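Counting starts at 1 for both ligands and their atoms, in listed order. Keep in mind it's a predicted model, so treat the numbers as computed, not measured.
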Amino acid sequence: MIEFKDVSKVYSDGTEALRHLSLQIAKGEFVTLIGPSGCGKTTAMKLINRLTEPTAGSIYINDRDVHAYNIHELRWNIGYVLQEIALFPHMTIAENIAVVPEMKKWKQKEIRERTEELLDMAGLDPSVYMDRMPSELSGGEQQRVGVMRALAADPDILLMDEPFSALDPITREQLQRDIRELQQKIQKTIVFVTHDMHEALALGDRVCLMKEGEIVQADPPQQLLLNP
Ligand code: ADP
Ligand code: ADP
């Protein structure tokens, strides 16, 4: 589904962010990338949806180089959730969720039905939340909407970059449980970045341990615990 083949990234200021990284992620797999700040996790994510370009090597999605895709087609098919709660502040919750479906020119009726379905899935009553502004929601509720917005147009891949780091511990644990449950329901390929080992082990089918731009271990949580 997603493949990194011998990928290196050197930023224009000379920073070596990734060194000869190779990784295959299967369809429907939930992979967590863990490692200290600066080890290249975010760079790896940004290479998947072409927010940055590799210096060497290639990234493939469904056996096709990411450069072979139309950039909009590529990004519409990849949901992206970031740490900073990034709902558009002047749009209602429904308008936020509809951004990509609108760009894809879905019918209004379809968009409305999809929005209701997603809010239900997020445990937020559509009749209450559709017309609210982001500022009227708690941090945890906003991040739930952020996840649903990323899923709105039914992408194959969901990239999550420390999505819960800004939340309080209780909300965070709740959202961790929810995302795991959601994954079992919708079977998306998920790449989840964290620097919290507890979170990486709790969520990942496979945990990729990164250090200085390399993957030093990539194993299911059980195996990682046995071979630290
Ligand atoms: P590229 O080599 O991929 O073109 P650039 O070096 O041009 O990337 O940087 C892209 C953006 O990232 C710039 O706006 C730059 O200010 C910002 N940036 C530079 N250094 C860092 C850093 N260490 N961490 C995060 N962002 C940075
Ligand atoms: P992580 O997500 O693991 O914290 P990053 O991928 O953000 O790591 O960064 C890897 C390395 O590349 C760090 O040294 C960081 O400062 C540097 N870096 C990230 N973005 C840029 C940029 N745009 N320009 C220059 N250096 C960058």
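- Ligand 2 has a nitrogen or oxygen under 3.5 angstrom from a nitrogen or oxygen of Gly38.
- Within ligand 2, counting atoms from 1 as listed, the ones closer than 4.0 Å to a heavy atom of Pro36 are 3 (O).
- Between Glu117 and Arg114 there is a salt bridge, since at least one side-chain N of the basic residue sits less than 4.0 Å from a carboxylate O of the acidic one.
- Against a heavy-atom cut-off of under 4.0 Å, Lys41 is close to the following atoms of ligand 2: 1 (P), 2 (O), 3 (O), 4 (O), 6 (O), 8 (O).
- The ligand atoms of ligand 2 that sit less than 4.0 angstrom from a heavy atom of Asp13 are 25 (C), 26 (N).
- A salt bridge does not link Glu102 with Lys105: none of the charged nitrogens is closer than 4.0 Å to a carboxylate oxygen.
- Thr52 and Tyr11 share no side-chain donor-acceptor pair at under 3.5 Å.
- Arg177 and Gln174 share a donor-acceptor pair across their side chains, judged by distance under 3.5 Å alone.
- Proximity to Thr15 (heavy-atom distance under 4.0 Å) selects the following atoms of ligand 2: 11 (C), 12 (O), 14 (O), 17 (C), 26 (N).
- Near Ala17, meaning under 4.0 Å from one of its heavy atoms, ligand 2 places the atoms 10 (C), 11 (C), 12 (O).
- The closest approach between any non-hydrogen atom of Ser12 and ligand 2 is not below 4.0 Å.
- The backbone and the side chain of Thr42 each have at least one atom closer than 4.0 Å to an atom of ligand 2 (non-hydrogen atoms only).
- Side chain to side chain, Ser127 and Asp125 meet the donor-acceptor criterion of an N or O pair below 3.5 Å.
- Side-chain N/O atoms of His195 and Glu162 include a donor and acceptor closer than 3.5 Å.
- Taking 4.0 Å as the cut-off between side-chain N and carboxylate O, Glu181 and Lys185 do not count as a salt-bridged pair.
- At least one heavy atom of Gly40 sits less than 4.0 Å from an atom of ligand 2.
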